[in-house]
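Reading through the structure tokens given below for one structure.
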Protein chains: 2
Amino acid sequence: MTRSRSRRANEAWESLLTAHASLMKRFAAEPIWGELSMREYDVLYTLSKHDGPLRLFELGRGVLLSQPALSRLVERLAERGLIERTPDPEDGRGVRLALTEAGRERQRRVGGRHAVDVARAVTAALTDEEMAQLEAIGRKLAAQGAATPAQRNRQEAVL
Amino acid sequence: MTRSRSRRANEAWESLLTAHASLMKRFAAEPIWGELSMREYDVLYTLSKHDGPLRLFELGRGVLLSQPALSRLVERLAERGLIERTPDPEDGRGVRLALTEAGRERQRRVGGRHAVDVARAVTAALTDEEMAQLEAIGRKLAAQGAATPAQRNRQEAVL
DNA sequence: TTAAGGTAGATGCAAACGCATGAAGATCGC
DNA sequence: GCGATCTTCATGCGTTTGCATCTACCTTAA
């Protein structure tokens, strides 16, 4: 790999990081969250995307949080009546997580307002083409991040 | 604004979020960080990018952390001898932050290893053109996030 | 069948975080 | 020039996080 290609990769990643931090701060400052933290909303949103119940470790893939922290975050949301936690009948170790009706309603309310802010910020900054590019690029990067070390080794071996 | 344009904006943002979480997890799992947390490294890196000393609130713009949390993170790094904190002669309220020699050396060591991982992941996922697109898109989004509410109002008034 | 190793989630505990607030200096208006 | 307001950073305090570890269950193979 050329030196400049590595450098460009790092610049692109730093650019993504900066955009992320900058916009996250802006979104967090919006007065739309009510009693929810952004992390809590993230969990409710992830559950709302999938129709069936999710396992804790599946939820963990999408959330930037340690397993114990996520376990307790879910516990708190369950105590507040937004999530229902039931033992998984197919795996005695597991838990099945699903939104309660209150949780679903809360996600919709907050999510609707948040989507407006996201749309405002992103459409103000990007053209339609750039939005499409970002979506495709994000998808590729996420797939790369999700790859297991073994898969990555195989991938490297091919190069 | 059309409904689908808003929807595309949200999909693009979600794509960025997913990529961010996915790759951050992967990078965090790499055994390169030594005694540094990624947030601590982020601060050291930000200081290393600017040659002159930085004010605390300037540092805060780039870091996704509350002001008190950043204040204490800097305090801990100063206690460990990686950052030097001196009162700002031009503003009695302020603090000037700079890397010590040990801090600079530590940033270089860890940063070098981290850059290798970033390059591996990003170059494996993206073409050169996509990397360039991501860099440009991130720059635009960051600028949008950094705009003050007043600036955004003016911007909207024009539309 | 059962022992060995692996995986899912919970818990103890110290460290770190966010919110609210305080202290001290800067800035603006009259 | 001086009080009112704003800005910058620090601190008290309750909450949340991460690391290490534990328990319970699943899986594999002899």
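Chain identifiers are assigned alphabetically (A, B, ...) following the order of the sequence lines, protein sequences preceding nucleic acid strands; residue numbering begins at 1 within each chain.
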*Give the rounded distance in Å between these two atoms: CE of A/Met38 and C1' of D/dT17.*
18 Å
_Can you tell me whether the side chain of A/Arg96 and the base of C/dG9 have a donor-acceptor pair closer than 3.5 Å?_
no
*Compare all side-chain heavy atoms of A/Val116 with those of A/Ile32 and state whether any distance is below 4.5 angstrom.*
no
*asked:* At less than 4.0 Å, is any side-chain N or O atom of B/Ser66 found next to OP1 or OP2 of C/dC17? Yes or no.
replied: no
*Taking atom C1' of C/dG18 as reference, at what distance in whole Å does atom CH2 of A/Trp33 sit?*
16 Å
_Stepwise ring-ring contact (aromatic ring centres under 6.0 Å, His included) test for A/Phe27 and A/Trp33_ = CA-CA 10 Å; A/Phe27 294 144; A/Trp33 300 103; 8.2 Å; no
*Starting at atom CE of B/Met24, determine the distance to atom C1' of D/dG18, rounded to an integer number of angstrom.*
15 Å
*Give the rounded distance in Å between these two atoms: CZ of A/Arg93 and P of C/dG6.*
13 Å
*Could you pick out which residue, A/Pro89 or A/Arg76, lies toward the 5' side of DNA chain D when each is mapped onto its nearest nucleotide?*
A/Arg76
_Interatomic distance, B/Asp91 CG vs D/dC9 C1' [rounded to whole Å]_ = 10 Å
*Report the nucleotide, chosen from C/dG9, D/dC25, C/dA16, that has the shortest atom-to-atom distance to any side-chain atom of A/Arg55.*
C/dG9
*Sugar-phosphate only, base, or nothing, as touched by A/Asp88 at under 4.0 Å among non-hydrogen atoms*: nothing
*Take atom CD of A/Glu75 and atom C1' of C/dT11, then tell me their distance rounded to the nearest Å.*
10 Å
*Given side chains that start at C-beta, do those of B/Met131 and B/Val122 come closer than 4.5 Å, heavy atoms only?*
yes
*Ignoring hydrogens and angles, does a donor from either the side chain of A/Arg72 or the base of D/dG18 sit under 3.5 Å from an acceptor on the other?*
yes
*Should A/Arg8 and B/Glu135 count as an ion pair when the cut-off is N to O under 4.0 Å?*
no
*B/Glu79 has an atom CD; how far is it from atom P of C/dA16, in whole Å?*
10 Å
*Presence of donor-acceptor pair under 3.5 Å, side chain of A/Gln67 and base of C/dA10*: yes
*For residues B/Leu23 and A/Trp13, determine if any side-chain heavy atom of one lies less than 4.5 Å from a side-chain heavy atom of the other.*
yes
*For A/Phe57 and C/dA10, give me the distance from atom CZ to atom C1', rounded to whole Å.*
16 Å
*Phosphate oxygens OP1/OP2 of C/dA10: is one of them under 4.0 Å from a side-chain N or O of A/Ser71?*
yes
*asked:* Can you say whether a donor on the side chain of A/Arg85 sits under 3.5 Å from an acceptor on the base of C/dG9, or the other way round?
replied: no
*For A/Arg39 and for A/Pro68, locate the closest nucleotide of DNA chain D by heavy-atom distance; then report the residue assigned to the nucleotide nearer the 5' terminus.*
A/Arg39
*Choose from C/dG9, C/dC17, D/dA10 the nucleotide whose nearest atom is closest to any side-chain atom of B/Leu65.*
C/dC17
